[in-house]
Structure formats: C-alpha cells, structure tokens
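Within every chain, numbering begins at 1; the chains are lettered A, B, ... in the order of the sequence lines, protein sequences first and strands thereafter.
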Amino acid sequence: AQSVTQLGSHVSVSEGALVLLRCNYSSSVPPYLFWYVQYPNQGLQLLLKYTSAATLVKGINGFEAEFKKSETSFHLTKPSAHMSDAAEYFCAVSKSSGDKLTFGTGTRLAVRP
Amino acid sequence: DTAVSQTPKYLVTQMGNDKSIKCEQNLGHDTMYWYKQDSKKFLKIMFSYNNKELIINETVPNRFSPKSPDKAHLNLHINSLELGDSAVYFCASSLTGGGRNYGYTFGSGTRLTVV
C-alpha cells in the first residue's frame, strides 16, 4: 500500500525566506507523487507532479520538488516565501494511472511579515 | 471553462435527512472519485468509478451511495445523515490509460453541515 508522511503539521517562515515542506513516501511500486495546495475555504490546486520523468519538478508559483528515490522523499521548496503562499499543503501518492490518491496529513504554512 | 464542478457548494441539513451532491467534469476524463476531508483537514478516498464502473469502495457506511450515470458525472447520495457526516466532500477526476498518470483535477468542494 502507498502512504506519505508529511513532517511538521505547521511551518512558519518569514516573508522572503526559504520554504521547505517535507514529504516522505512509501510505495511498493514506482510512485507518482503530487503536491497540492489548499487556500482557506477553497478546493485543491495542483502545484506539481512527478510522473517518472525528470527528478526535479517545477510547478506553479515558483515551487519545485525533487524526487529522491534513495531517501524516498519528495520535498517541496520555494526560494523566497510570499505572504500569498500561506495555505495548507498536501503531498499525495498514487501507484498507477487511475489509482486513488493517498494524501499526507497536510502542512499548514504561515508566512510572517 | 474546463473543470470539475460540484453542486451545491454549501449544504446545511438536519440529522436523519437524505441529501445528494452532484459532480460533473468536462475534461474528457474517464475516472472520477469522491474524497472526504474531515475537520482536521485529512483527505480520504471514498469511491472511484472508471467509465461508470465502481472501482474503489473504501470502508464507507452503506448510507453513502455513489451513482455514475455516465463517465462525466458522479453523484453522491447520503441517507439518514448523521452529525459525523459533517465534512467537506471533494469530487475529482483523472485520465487513465497508456501507462501514464496525467494527474487529478479536483472540484471546489461541498461543505456539508449536519445539525
């Protein structure tokens, strides 16, 4: 079975600082990995996805993530946080096309002025 | 706009009532899902359908019954609503086949409050 672990349910950074949100996965087969963002009272928006092509994946809003098989990790980073990045971030995994997405418990990102 | 659309966006109802949530996608996807997000923001799969066929049915009470009249629609009917059913329900869709995973598109959610 697939699973993801997001370390840190709350992360707080200063505006302009590096954002690092951690995600480790467990999968019996090569995984497909995703990061989604949820703004307050809104739906889930796809930030980026890893589907076995390049290990460094660039997404929207300046976010990127690197797939590291040896560490079973898919951490999300952004060089410089913006106030508008404050939201809930979810890492998710699926094992194949059409399979369910299994989500981590989410990380709430707060950005301090 | 190409999207996954859910109605209603908000639903407040009394315990014991029966209600439905509708979902439609115009993305040409062949698989649709229902997810439940609880008060702690945890997202869990409930059902998935591929071309109108039930594929995934997680341990969900029998009071929840999905229906897919065609591959663009997946509705969720809930009987005898209970306080614990209060949550945000998300519909999603994806395109399968060819060994590739093209990702999942989510609707904006339906916030169900049972009083």
Per-residue tally against chain B (heavy atom, under 4.5 Å) across Gln38(A), Gln42(A), Arg108(A), Glu88(A) peaks at Gln38(A)
Between [atom1] of [X] and [atom2] of [Y], what distance do you get to the nearest 0.5 Å?
X        : Y         : atom1 : atom2 : answer
Asp99(A) : Asn50(B)  : CG    : CG    : 11.5 Å
Asn41(A) : Lys9(B)   : CG    : NZ    : 8.0 Å
Ile45(B) : Thr102(A) : CD1   : OG1   : 8.0 Å
Phe47(B) : Lys100(A) : CZ    : NZ    : 13.0 Å

Answer whether the closest heavy-atom distance between the side chains of [X] and [Y] falls below 4.5 Å.
X         : Y         : result
Phe106(B) : Gln45(A)  : no
Phe90(A)  : Gln37(B)  : yes
Lys40(B)  : Thr105(A) : no

Let me check something: do [X] and [Y] share a hydrophobic cluster, defined by ILVMFWY side-chain heavy atoms less than 4.5 Å apart, either directly or through other members?
X        : Y         : value
Leu56(A) : Ile60(A)  : no
Val88(B) : Val37(A)  : no
Tyr25(A) : Leu101(A) : no
Phe34(A) : Tyr89(A)  : no
Leu74(B) : Leu95(B)  : no

Grab the two heavy atoms, one from Phe103(A) and one from Phe42(B), that are nearest each other, plus how far apart they are. O-CE1, 4.0 Å
Could you pull out the closest heavy-atom pair between Leu44(A) and Phe90(B), with the gap in Å? N-CE2, 4.3 Å
Portion of Ile56(B) that has a non-hydrogen atom of chain A nearer than 4.5 angstrom: side chain
In terms of heavy-atom proximity below 4.5 Å to chain A, should Gln6(B) be classed as side chain, backbone, both, or neither? neither
Counting only heavy atoms not in Asn62(B), do more than 12 sit closer than 6.0 Å to its CG atom? no
Verify, without hydrogens or angle tests, whether Tyr104(B) (side chain) and Leu46(A) (backbone) share a donor-acceptor contact under 3.5 angstrom. no
